[in-house]
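Step one of this worksheet: look at the structure below.
What you are looking at is a predicted structure, and each value in this text was computed from that prediction instead of being measured.
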Amino acid sequence: MNESAIPVNIYHYERLIGDWPTRFHLRVDPDGGGMLLANAAEAAYLSPVGVLMARGVLEGRGDEAIRQDVTLTFRRASASVVDADLVSIHQLIADLSAPGDNYPITNLADPRLSDWSRVLAAPLRADVVPAELEVTKQVLLRLWEAGIPHATILAQPESNAQDLPLIVEAAGDIGMLTGLRAVASWLSPEVIEQTAMAGLDHLDLLYVSASPEAHDEIAGEGDYEMVWSGFDQCLALELCPVAQMPLIQSNTEELDEMLLGLQQRGIGNLVFFALACPDDDELAQAAGALPARALPQVATIMIEAAEDTEARYLWAPPVRFDNSKSLAEQVRVGPRTAGDVAIRVEADGRVFPARGGRICAGDLLTQPWLDIWNHEGFTRYRERLQAPTRCSDCPDLEICIADCPKDPRGWSDDTKGGETQ
């Protein structure tokens with residue numbers, strides 16, 4: 001069966017297990033398969049049969065009615081197979097309903113999310129630069145209509161702080177999972193509380209160094225204390241805190257210390273992004289960027305440190321260092337997207353893939369989503385993700401699943417000229 005038995009869309013549900021509510025998003029893709037997400041924390045791919053069963057369970061239909069739906073739609077399915085599959089779906093939903101970290105969707109290092117050969121309707125997440133409130137609301141609506149259930153708002157120093165809770169509220173009203181990424185000193189405690197009350201799912205704060213002086217040199221004066229205050233406030237508000245950590249030359253010797261400090265304060269969710277440069281770019285290395293040859297070793301250090309502290313981590317595509325900008329400026333801006341299952345949407349509606357040169361795939365505010373998703377930029381991006389990237393140098397490194405970290409063609413490249421060579 002090539003077409004979906006359920007219309008391609010996102011379906012939003014909420015189930016109460018004891019006193020613990022779980023928000024489910026069931027996304028149906030054009031090939032009939034789909035994705036079931038729970039609280040933005042866990043995700044599972046579903047076959048077309050699984051999609052039909054999951055919808056029935058989440059809508060409260062009885063098992064006999066679900067069996068009838070399946071046997072009418074998939075006539076070759078035997079009764080014993082249908083029964084076994086239905087038991088599995090019940091167990092899956094029960095497992096996803098269990099209380100746990102409400103952390104945003106993981107990346108392609110998770111085997112459950114690595115099968116890009118399926119016909120996906122859209123990415124799973126959008127990192128959105130906010131514009132005027134009504135424009136941003138329209139962007140969120142277009143993302144939801146495209147089948148993207150998760151939006152992270154990329155706060156800017158010039159962002160209207162009073163709009164942020166309203167943006168989060170608007171996303172929640174249409175059923176989206178929402179995050180907010182910022183440098184801590186860009187947000188006041190009042191704004192953090194207001195966005196949490198508006199339904200924010202996670203707050204990502206930049207964390208550069210275990211040294212207050214080194215951190216503040218890049219993030220801004222007084223930011224180190226505000227990071228920890230922000231994390232503590234998240235925990236008090238039962239809002240998921242996420243530490244977004246740049247990988248640069250100055251902090252490679254203290255990564256273990258940084259992760260241990262986070263663990264001791266109860267912060268177990270991390271996003272890593274490397275500021276990288278080609279091996280022969282001496283100017284970038286002098287400024288603090290990591291040469292390509294160093295990325296596998298640094299990635300190994302991060303993985304081992306994360307495992308030692310039982311942290312959950314997300315790899316953002318490496319960012320190509322721009323010699324026309326300072327290290328501090330680029331660290332504060334952060335990665336283009338936090339992971340390979342995401343897109344970036346600029347304030348004016350322009351859409352960019354997670355990796356590659358800065359090639360606009362279209363305007364979300366004026367163009368149909370399918371035109372954007374089928375743009376050459378996304379086609380090349382998907383083809384690259386599907387190509388084998390393993391080599392004998394580091395055959396077991398998780399970061400290589402999406403692309404070779406040493407190859408600049410797989411980085412996010414926003415330098416002047418756009419296209420990574």
Side-chain angles (χ1 to χ4, degrees), residues 104 127-131 136 151-165 167-168 178-196 200-235 237 239-248 250-251 254-255 258-259 261-262 265 267 269-275 287-289 313-314 316-319 321-322 325-339 342 344-347 412 414:
D127 290 351
V128 179
V129 179
T136 305
T152 296
I153 307 304
L154 306 177
Q156 307 296 304
E158 66 275 11
S159 293
N160 185 340
Q162 301 307 311
D163 283 350
L164 294 176
I167 293 171
V168 171
T178 54
L180 178 63
R181 185 272 178 191
V183 175
S185 50
W186 297 351
L187 303 175
S188 68
E190 292 75 22
V191 168
I192 293 176
E193 181 174 7
Q194 290 166 7
T195 54
L200 189 67
D201 292 295
H202 61 95
L203 175 63
D204 300 20
L205 295 178
L206 181 69
Y207 176 44
V208 182
S209 172
S211 160
E213 295 77 16
H215 176 97
D216 287 355
E217 183 178 354
I218 289 178
E221 184 177 355
D223 190 80
Y224 182 86
E225 292 298 329
M226 295 191 71
V227 168
W228 293 111
S229 296
F231 285 152
D232 289 343
Q233 187 178 7
C234 285
L235 295 174
L237 293 168
L239 170 64
C240 179
V242 180
Q244 189 180 81
M245 297 174 56
L247 303 179
I248 52 181
S250 62
N251 67 6
E254 58 171 331
L255 295 177
M258 292 174 70
L259 266 67
L262 290 167
R265 299 288 286 265
I267 313 302
N269 295 303
L270 317 170
V271 175
F272 305 137
F273 72 98
L275 269 178
Y313 56 91
L314 174 78
V319 176
F321 189 84
D322 186 343
K325 300 176 181 178
S326 70
L327 176 75
E329 181 181 0
Q330 294 176 73
V331 168
R332 291 194 297 266
V333 168
R336 187 190 293 173
T337 67
R344 184 183 183 93
V345 183
E346 297 291 352
S412 301
D414 293 339

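With sequence neighbours left out, R344 forms a salt bridge (charged side-chain N to carboxylate O under 4.0 Å, His left out) with E346. Checked against side chain to side chain contact (heavy atoms under 4.5 Å, CB included), A328 has the following partners two or more places apart in sequence or in another chain: I218, S326, R332. For Y207, the ring pair (Phe, Tyr, Trp, His ring centres under 6.0 Å) partners two or more places apart in sequence, or in a different chain, are W228. A search for side chain to side chain donor-acceptor pair (under 3.5 Å) contacts involving D216 returns nothing, not counting sequence neighbours. The side chain to side chain donor-acceptor pair (under 3.5 Å) search around D232 returns R265, not counting sequence neighbours. Among residues two or more places apart in sequence or in another chain, the side chain to side chain contact (heavy atoms under 4.5 Å, CB included) test is passed with S209 by S211, A214, H215, E254. Under the side chain to side chain donor-acceptor pair (under 3.5 Å) criterion, E329 pairs with no residue, sequence neighbours left out. Partners of S250 under the side chain to side chain contact (heavy atoms under 4.5 Å, CB included) rule, at least two apart in sequence or in another chain, are I248. With sequence neighbours excluded, the residues satisfying side chain to side chain contact (heavy atoms under 4.5 Å, CB included) with L235 are P241, I267. Listed by chain and number, the residues in a salt bridge (charged side-chain N to carboxylate O under 4.0 Å, His left out) with D127 are R125 (sequence neighbours excluded).
The 12-atom threshold is exceeded at CD of E158, counting heavy atoms of other residues, nucleotides or ligands nearer than 6.0 Å.
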Requested in this report: Show your reasoning for whether side-chain contact (heavy atoms from CB on, under 4.5 Å) applies to V208 and Y224.
Outcome: CA-CA 9 Å; V208 182; Y224 182 86; over 6 Å; no
Report task. Apply side-chain contact (heavy atoms from CB on, under 4.5 Å) to the pair H202 and T152, showing each step before the final yes or no. Result -> CA-CA 9 Å; H202 61 95; T152 296; 3.5 Å; yes
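Contact record, D201 with C240: O-CB, 3.4 Å, taken as the closest heavy-atom pair. In terms of heavy-atom proximity, A131 sits nearest to T136 at N-OG1, 2.8 Å.
A distance of 4.5 Å separates CD in Q233 from CD1 in I192, rounded to the nearest 0.5 Å. Note that CG of L180 and OG of S159 are 8.5 Å apart. Values are rounded to the nearest 0.5 Å.
Two residues are said to be in side-chain contact when any heavy atoms from C-beta on lie closer than 4.5 Å; R181 and W186 meet this criterion.
Between the side chain of Q156 and the backbone N or O of V129 there is no donor-acceptor pair closer than 3.5 Å.
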